[in-house]
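The basis for the numbers below is simple: all heavy atoms, side chains too, and nothing from hydrogens, waters or symmetry mates.
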Amino acid sequence: MTTVFTKRIIAYVLDFFVVSAIMWILSYFAFAVLTPHNVHAVYQFFIFLVPIFIMIYFILCEKLFSASIGKAIMSIEVKSQNGADISWPQAIVRNLTKIYWFPILFDWLIGKFLHSDRVLNGITRTVVVDAY
């Protein structure tokens, strides 16, 4: 039996591949449209665009569908502690540490030090549960 924590890690890796694939497709079209003579110019904007896209992806998926694509594949979802769907502020705040893929490690480590889940899950009063 797989734990929710293990499912969350696998879901996070799957989401990394989903976001990477989408960014690859978007960059391909951006190269064709924006910079036909200088294909490397698009990369200078990625440091700003990728974190924004990551936030939009996780916020929209978790608010509208209760799960990102990775979480849906792993059959887990995000809920408020009272069992309701999460609100927009909860979706925004709980995903702040996912902005560059690595701050979530600090969120998790501090949460473990404080004997809880992620810090932002505690602040937003959200939980990740099996979708069964």
Side-chain angles (χ1 to χ4, degrees):
M1 174 146 304
T2 308
T3 66
V4 172
F5 180 74
T6 304
K7 287 182 177 184
R8 288 176 75 175
I9 292 172
I10 295 168
Y12 195 66
V13 172
L14 292 172
D15 286 326
F16 173 81
F17 287 115
V18 169
V19 170
S20 296
I22 293 169
M23 289 305 297
W24 182 81
I25 293 167
L26 291 176
S27 68
Y28 176 79
F29 288 113
F31 285 140
V33 173
L34 299 175
T35 58
H37 302 291
N38 184 5
V39 295
H40 301 292
V42 172
Y43 288 124
Q44 66 186 337
F45 300 106
F46 271 27
I47 194 162
F48 304 108
L49 296 178
V50 170
I52 292 168
F53 181 75
I54 290 169
M55 291 292 294
I56 290 169
Y57 167 77
F58 280 107
I59 291 167
L60 288 178
C61 286
E62 290 182 358
K63 172 57 182 139
L64 300 177
F65 308 110
S66 297
S68 62
I69 293 172
K71 284 184 182 79
I73 291 170
M74 296 308 299
S75 298
I76 54 178
E77 59 187 15
V78 179
K79 294 289 185 184
S80 291
Q81 287 178 346
N82 64 7
D85 290 339
I86 63 173
S87 65
W88 285 106
Q90 285 175 310
I92 293 167
V93 173
R94 79 176 305 278
N95 289 300
L96 288 175
T97 56
K98 294 178 184 173
I99 196 163
Y100 276 110
W101 296 109
F102 63 87
I104 195 166
L105 292 174
F106 297 109
D107 184 15
W108 177 75
L109 286 172
I110 294 168
K112 289 301 172 194
F113 179 73
L114 298 173
H115 305 290
S116 68
D117 192 15
R118 293 177 44 216
V119 172
L120 292 182
N121 279 358
I123 291 170
T124 59
R125 298 175 190 220
T126 57
V127 293
V128 177
V129 296
D130 279 315
Y132 303 116

### Query
Would you say the side chains of R94 and T126 form a donor-acceptor pair under 3.5 Å?
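There is such a pair (donor and acceptor under 3.5 Å, judged by atom type) between the side chains of R94 and T126.
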### Query
Salt bridge between D107 and K98, side-chain N to carboxylate O under 4.0 Å?
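Answer for the salt bridge query: no.
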### Task
Sort out for me which residue in I59, V19, N95, L49 forms a side chain to side chain contact (heavy atoms under 4.5 Å, CB included) with I54.
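Of the listed residues I59, V19, N95, L49, the side chain to side chain contact (heavy atoms under 4.5 Å, CB included) partner of I54 is V19.
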Could you state whether [X] and [Y] fall into the same hydrophobic cluster, counting links through intermediate Ile, Leu, Val, Met, Phe, Trp or Tyr residues with side-chain heavy atoms under 4.5 angstrom apart?
{"X": "W88", "Y": "I123", "result": "yes"}
{"X": "Y12", "Y": "V50", "result": "yes"}
{"X": "V128", "Y": "L109", "result": "no"}
{"X": "I9", "Y": "I110", "result": "no"}
{"X": "L120", "Y": "L60", "result": "yes"}

### Task
Return yes when atom CD1 of I47 has more than 12 non-hydrogen atoms of other residues, nucleotides or ligands closer than 6.0 Å, and no otherwise.
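It does not: I47 CD1 has 12 such atoms or fewer within range.
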### Message
Please determine whether the number of non-hydrogen atoms from other residues, nucleotides or ligands lying under 6.0 Å from atom CH2 of W24 exceeds 12.
### Response
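Counting other residues, nucleotides and ligands, CH2 of W24 stays at 12 neighbours or fewer.
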Quick check: closest heavy atoms across [X] and [Y], and the distance to 0.1 Å?
{"X": "F53", "Y": "M23", "answer": "CD2-SD, 3.5 Å"}
{"X": "S80", "Y": "Q90", "answer": "OG-OE1, 3.0 Å"}
{"X": "V129", "Y": "V127", "answer": "CG1-CG2, 3.8 Å"}
{"X": "P103", "Y": "T97", "answer": "CB-O, 3.3 Å"}

Could you list the donor-acceptor pairs under 3.5 angstrom formed by side chains in residues 69-78, with sequence neighbours left out?
from, atom 1, to, atom 2, distance (Å)
K71, NZ, E62, OE2, 2.7

### Query
Just how far is it from atom CG of L105 to atom CH2 of W108, taken to the nearest 0.5 Å?
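Going from CG on L105 over to CH2 on W108, the span is 8.0 Å.
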### Task
Calculate, to the nearest 0.5 Å, the distance between atoms CG and OH belonging to D15 and Y57 respectively.
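It is 3.5 Å, given to the nearest 0.5 Å.
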### Results of salt bridge (charged side-chain N to carboxylate O under 4.0 Å, His left out) for K63 - residues two or more places apart only
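None.
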